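In what follows, a structure is listed as structure tokens, so that the remarks can point back to it.
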Amino acid sequence: MVLSGKVPITSHLLYKGLRFSVRYSVRQPVLRPRRMFYTVPKIDDLHSLGSPIENAKRAAAYRAVDENLDVFEHKVIGIGSGSTVVYVAERLGQYLKDAKFTDYVSKFTCIATGFQSKQLIMDNGLNFGVIEQNPNIDIAFDGADEVDHQLQLIKGGGACLFQEKLVSTSAEKFIVVADSSKRSPRLLGVNWRQGVPIEVVPPAYVKVKNELLSKLNAANVVLRQGGRAKAGPIVTDNNNFILDADFGEIENPKELHDKIKAMVGVVETGLFIDNAAKVYFGNSDGTVDVMVR
Ligand SMILES: O=C(CO)[C@H](O)[C@H](O)COP(=O)(O)O
């Protein structure tokens, strides 16, 4: 914006008893406001969000993006679901606004893992694309419900399970972002007591539930309900149901995954095996611990 223009001035003169009015105008100096360039905020300069857990999630997500995203090389980015990945999308939106990166980030195609994830992509001004057209994802970011000492994961607490697995296994590099409460001392099933989420085709849920109890000795299997907002079970983005199966502490998550997956009617399990390359755990003081495969 340029501030300029002619300013009209009227002067009155008295000459030999007569009053004259003289009108003229002067040009104002041109004022050019200094252009403010947006730059991606430095992590160390961030103000507190007023919540230790949100600070932890943001710290994990921002660090994960800064350290793993190759703005100049990556083109297809997977964006997961949940409350931590919100800050991943936010960080990408900040890169998009920074003139140093705009040309590259504006050409990214972001692949969603569900409805919420699609909203995050659009809300941050990023391009949304479908995995059918972009089956090779350069890098994907997602949250987790629990992470064991070997970087095996339980996911699906937000019921986006199948698409999360599709996106993470289609990615060359899968990066997990979480607050430190998601870190198990050793095994899966220690902190996350809700059970392993399992996405099933609706007519098969009773059969699968019975088999989980009888053949795999699950202590309990629950058909996940929609809660107060919905009478009846949760329906996933792929129109399936979710069973939460409690196996206690899981010594061998790969073996358990394989056995569940073999049941007719199971679409996917929430056990993400040998998939995550790194996990970023945010702490409430803003520090981040990184686990690498
Ligand atoms: O698997 C998921 C959704 O199905 C989420 O990634 C997982 O529940 C973690 O969510 P949050 O970041 O809110 O803790």
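Owing to the predicted nature of the structure, the values given are computational and were not obtained by experimental measurement. Indexing begins at 1, ligand by ligand and atom by atom, following the structure's order. The first residue of the sequence shown is numbered 1, and numbering continues consecutively from there.
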Atom CD of Gln119: over 12 foreign heavy atoms under 6.0 Å: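 Result for CD/Gln119: enclosed.
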Tell me the closest heavy-atom pair linking Gln94 and Pro41, and the distance in Å.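 In terms of heavy atoms, the two residues are closest at OE1-CD, 3.5 Å.
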Under 3.5 Å, which donor-acceptor pairs link side chains of residues 270-281 to any protein atom two or more places apart or in another chain?
residue, atom, partner, partner atom, Å
Asp274, OD1, Gln152, NE2, 2.9
Asn275, OD1, Ser168, OG, 2.7
Asn275, ND2, Ser168, O, 3.3
Lys278, NZ, Asn68, OD1, 2.9
Tyr280, OH, Glu67, OE1, 2.8
Tyr280, OH, Asn68, ND2, 3.0

With a 4.0 Å cut-off, would you call Arg58 and Glu54 a salt bridge? no
Can we say Asp148 and Arg186 salt-bridge, meaning some charged N sits less than 4.0 Å from an Asp/Glu carboxylate O? no
Indicate the ring-plane relationship of Phe241 and Tyr205, choosing parallel, tilted or perpendicular according to the 30° and 60° boundaries.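 Geometry flag for Tyr205 against Phe241: perpendicular rings.
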Check each protein residue for a heavy atom under 4.0 Å from ligand 1 and list those that pass, ordered by chain and number.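 Within 4.0 Å of ligand 1, protein side: Ser81, Gly82, Ser83, Thr84, Asp142, Gly143, Ala144, Asp145, Lys155, Gly156, Gly157, Gly158, Ala159, Cys160, Glu164, Lys182.
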